[in-house]
There are 2 protein chains.
Amino acid sequence: MKKALFMLLAALCMLAQAQTVERWGSIDIDLKGPAGGNPFLETELSASFRQGQRMLKVPGFYDGDGQYKLRFMPDSVGVWEYETHSNRPELDGKKGSITAVAPGAGNHGPVRVKNTWHFAYEDGTPYWQVGTTSYAWTHQTEELEQQTLRTLAAAPFNKMRMGIFPKRYEYNRNEPRFYAFEGQPPKQWDFSRFNPAFFRHLEQRVAQLRDLGIEADLILFHPYDKGAWGFDSMPPEANERYLRYVVARLSAYRNVWWSMANEFDFVKSKSMEEWDSYFRIVQEQDPYQHLRSIHNAFVFYNHTKPWVTHVSVQSGALTEDFERAVLLRDVYNKPVVYDEVKYEGNFRQRWGQLTPEEMVLRFWQGAIAGTYVGHSETYQHPQEIAWWSKGGVLHGQSPQRLAFFRKILSESPAEGLEPIDKWQDHPFAGKHAQYYLGYFGTKKPEAWPFVLFKTGLQDGMKFRAEVIDTWNMTVTPVDGVFEIRKRDDYTFADKQGRSIKLPGRPYMALRIIRIP
Amino acid sequence: MKKALFMLLAALCMLAQAQTVERWGSIDIDLKGPAGGNPFLETELSASFRQGQRMLKVPGFYDGDGQYKLRFMPDSVGVWEYETHSNRPELDGKKGSITAVAPGAGNHGPVRVKNTWHFAYEDGTPYWQVGTTSYAWTHQTEELEQQTLRTLAAAPFNKMRMGIFPKRYEYNRNEPRFYAFEGQPPKQWDFSRFNPAFFRHLEQRVAQLRDLGIEADLILFHPYDKGAWGFDSMPPEANERYLRYVVARLSAYRNVWWSMANEFDFVKSKSMEEWDSYFRIVQEQDPYQHLRSIHNAFVFYNHTKPWVTHVSVQSGALTEDFERAVLLRDVYNKPVVYDEVKYEGNFRQRWGQLTPEEMVLRFWQGAIAGTYVGHSETYQHPQEIAWWSKGGVLHGQSPQRLAFFRKILSESPAEGLEPIDKWQDHPFAGKHAQYYLGYFGTKKPEAWPFVLFKTGLQDGMKFRAEVIDTWNMTVTPVDGVFEIRKRDDYTFADKQGRSIKLPGRPYMALRIIRIP
């Protein structure tokens with residue numbers, strides 16, 4: 001009798017455990033269903049999750065061996081009741097409930113657009129994007145992938161741009177460990193049957209990034225298949241099924257972003273209308289509305305389209321200069337991420353030859369423009385293991401400076417850095433009358449006259465200043481307090497006409513903070 | 001009998017004369033109709049003009065004193081049959097025909113978009129936009145307006161940006177000669193009754209610009225009313241009537257462009273939805289589909305919208321640097337006109353303080369980016385007659401350099417100048433393997449190594465070169481012929497490794513032309 005009670009309690013505990021998840025955590029509801037025929041094509045499954053007046057429609061998926069799953073991410077605490085819908089009686093009408101509890105440490109929810117041009121986690125915590133790219137890191141050996149994760153744990157990056165499909169290109173010649181479809185490598189695929197092992201592996205990596213506090217910017221399509229496998233040129237109905245399957249499996253991971261493509265305009269098999277329709281599928285299917293964008297080579301996608309949440313752009317030139325970088329903000333009125341600005345390294349290709357100084361400069365110029373920038377590394381390597389593609393370890397000198405950069409960002413106003421006086425060659429961003437972050441790039445000023453643009457200013461306001469060496473990673477307070485007085489139609493200046501001394505080196509920044 | 005025959009012949013001649021017009025010329029069909037009530041509100045009038053399978057629906061207008069007009073611009077030679085439509089029997093069902101003959105010298109038709117990013121007249125002649133702005137020149141004395149026209153006749157400009165309504169702003173304190181509406185100045189207007197004299201005056205000026213080969217970029221709304229007359233804050237139905245009336249009166253002038261607004265975002269009385277709806281009215285009403293755009297202060301209008309034919313942008317910074325300027329081309333895939341890039345002059349305001357060198361530099365940087373730029377002048381004047389606003393004479397040093405600039409453009413490939421190697425700090429535009437125009441801006445190179453970007457090139461191609469001093473307005477041929485050979489993955493170079501000597505001065509350009 002005692003033993004029976006104990007077993008009952010244990011079962012109840014297990015049940016209770018299985019049914020509880022933290023807010024913005026992910027929980028699977030497992031169901032048994034038909035394994036015969038082609039469940040990927042023939043079985044429809046979804047569930048309605050309800051809490052009060054809110055309902056989220058969650059797509060389910062087939063995980064092989066007669067196993068079906070509904071993967072759910074509750075976005076508020078409390079009880080969520082669910083009911084399944086299916087064309088198969090054994091999967092239809094199943095009911096249950098999930099209890100969402102308060103999020104654990106480090107769980108701030110998905111990243112959302114904030115203040116038009118910026119990002120924040122759903123709980124309001126600012127998200128200062130400092131991204132990196134490793135296109136094919138999840139298609140390497142277990143050892144190399146683990147090394148990449150260890151590298152990331154110590155690196156400054158809070159977003160990883162990564163392809164779902166493997167890559168075939170210079171420096172990328174290895175076959176992946178897993179393929180997304182059933183079939184015979186390299187090219188005989190049944191695009192109507194997914195390979196659950198491929199996706200479980202990908203999900204594990206996404207979850208590991210999540211646990212490191214890193215957003216996974218998942219690239220859904222890319223052109224670098226080069227006839228190796230044909231994943232860049234599947235028929236439209238296969239693309240659509242693939243998108244639905246990926247969304248069903250991965251949208252419950254709070255750190256997912258959807259990047260419709262890398263260099264979409266180099267994918268010659270898809271028309272602009274197809275790209276639009278694929279966006280709409282992801283938009284409709286994703287219950288959590290993760291961030292969505294698309295990355296270009298030479299043709300910019302029309303980022304004003306309503307399904308684009310933020311601008312993702314490749315440009316080798318725009319972040320060399322904050323007055324270039326600011327322009328896409330003005331044009332699109334969405335957050336702008338310069339995801340590819342050339343890479344630090346020594347590749348033969350001119351897009352892979354930035355010095356570390358040039359790499360770091362781009363992050364600062366982007367920040368002063370109120371935009372966000374991405375890193376990667378293209379150093380030649382005897383085994384062709386470049387971070388940009390396969391991951392591994394970082395060899396460059398920019399990451400430690402980007403850690404310093406990210407720390408400076410994290411000390412900035414939560415609203416995001418806003419350009420202070422656009423189109424006037426004024427290298428400052430911040431918050432009027434509160435906080436000014438200036439950056440002089442490759443210029444080597446010996447001094448900076450204490451002059452601020454007028455917005456929000458009044459005579460008598462007081463400020464303190466710090467000189468920041470962005471390369472040597474030092475912050476040096478400036479002695480004294482600067483009290484301002486109106487100077488002309490546009491500016492206020494230190495009432496004693498003082499300047500701040502600067503060391504005549506490049507890559508210097510200034511931080512000016514109002515004293516209450 | 002002889003006399004009667006003569007009179008009949010004279011009448012027939014007059015009739016034939018009245019009914020004949022050159023292609024892209026403008027002809028009025030006059031009709032008598034009701035003068036009572038409010039004809040502007042109560043009389044509907046239009047006509048269908050047919051030639052073969054084509055029909056143009058032309059809006060008519062009331063011109064006061066019981067006179068109605070249909071103003072027509074035939075876009076092809078031959079007979080056009082028309083029939084009027086009206087809610088008034090005396091104006092309805094009138095039939096007749098117009099014969100369009102070949103255009104006269106200097107008549108190339110309206111300007112159209114060509115090759116995505118460029119312009120051409122409808123007869124195919126390239127249109128290299130070199131614009132200027134005089135916002136209120138048609139609201140001055142007869143003497144001053146005639147002086148403006150004489151100035152324009154000798155100036156390099158082929159587009160005039162100009163407001164339909166008068167302007168109230170610093171340097172603009174005079175009342176206009178005519179008002180667009182009946183009523184009592186300054187502010188008691190009957191917005192339901194137009195003043196035909198105002199429009200006849202405007203039309204005369206537009207026709208005079210046309211005869212000088214100058215496009216009239218008509219600004220339909222602007223914020224610089226400042227409570228003087230209230231033309232910036234009429235009710236929506238008055239705005240709509242005004243747009244229809246303007247289109248009915250002015251669209252038959254081939255040199256008309258529609259600029260929905262100057263600094264639209266400073267017009268606080270109109271929402272974005274209203275701007276969109278006003279664009280649609282102009283788009284629907286204009287039988288000839290003249291170019292349409294809208295000009296900004298700090299907020300960019302979404303120029304991807306389908307009714308926007310080309311981008312019209314104010315920015316003080318974008319044309320300082322061709323790598324900034326090129327970006328709006330990439331974003332919008334429409335011709336880009338930087339209509340306001342600050343002005344040459346010595347105003348107190350920082351937007352009116354360009355040196356002539358800075359003014360000219362912006363045109364060249366814009367051209368190297370494959371875009372177009374606008375001029376104006378803001379020199380202080382004892383009677384506050386600044387070209388930018390009232391016209392008169394030009395005092396600056398940029399116009400003669402812009403004449404030289406326009407000549408260089410006119411010698412360029414008819415397809416338009418296309419950036420040769422974007423995003424790589426490569427200051428060349430032109431046509432691959434045919435024509436390269438480079439511009440070094442404020443840099444002072446002593447030499448330029450003869451190296452061309454690879455597209456279209458082959459070993460053995462031969463080129464000649466000219467050194468252009470854009471400020472001193474000289475073109476100096478470089479001795480010898482340059483034969484190229486592949487140099488690396490990206491470039492071809494002179495096979496002897498030669499450079500072109502440059503004088504170490506700023507504002508130098510290079511022209512490199514393939515020898516067949």
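Counting non-hydrogen atoms of neighbouring residues, nucleotides and ligands closer than 6.0 angstrom, the NZ atom of K444(A) reaches no more than 12 such neighbours. Other residues, nucleotides and ligands place no more than 12 heavy atoms under 6.0 Å from the NZ atom of K443(B).
Taking all atoms of both residues into account, the shortest heavy-atom contact from E323(A) to L318(B) is O-CD2, 4.4 Å. Residues L327(A) and R324(B) come closest through the heavy atom pair CD2-O, 4.0 Å. The shortest heavy-atom contact between F298(B) and K422(A) is O-NZ, 4.2 Å.
In this structure, CD in E320(A) is found 12.5 Å from CH2 in W423(B), a value given to the nearest 0.5 Å. Here the CG-CG distance, from N302(A) to N302(B), works out to 7.0 Å after rounding to the nearest 0.5 Å.
Using a 4.5 Å cut-off between heavy atoms, D330(A) touches chain B through backbone and side chain atoms alike. In this structure, no portion of D488(A) lies under 4.5 Å from any heavy atom of chain B. If you measure heavy-atom distances from Y332(B) to chain A, the contacts under 4.5 Å come from the side chain alone.
Using a 4.5 Å heavy-atom threshold, the side chains of W351(A) and Q424(B) count as separate.
Highest contact tally toward chain B, considering only V313(A), V326(A), N333(A), D421(A), is held by D421(A) [criterion: heavy-atom pairs under 4.5 Å]. Each of N296(A), T304(A), V299(A), L328(A) has some count of heavy-atom pairs under 4.5 Å with chain B, and the biggest count is that of T304(A).
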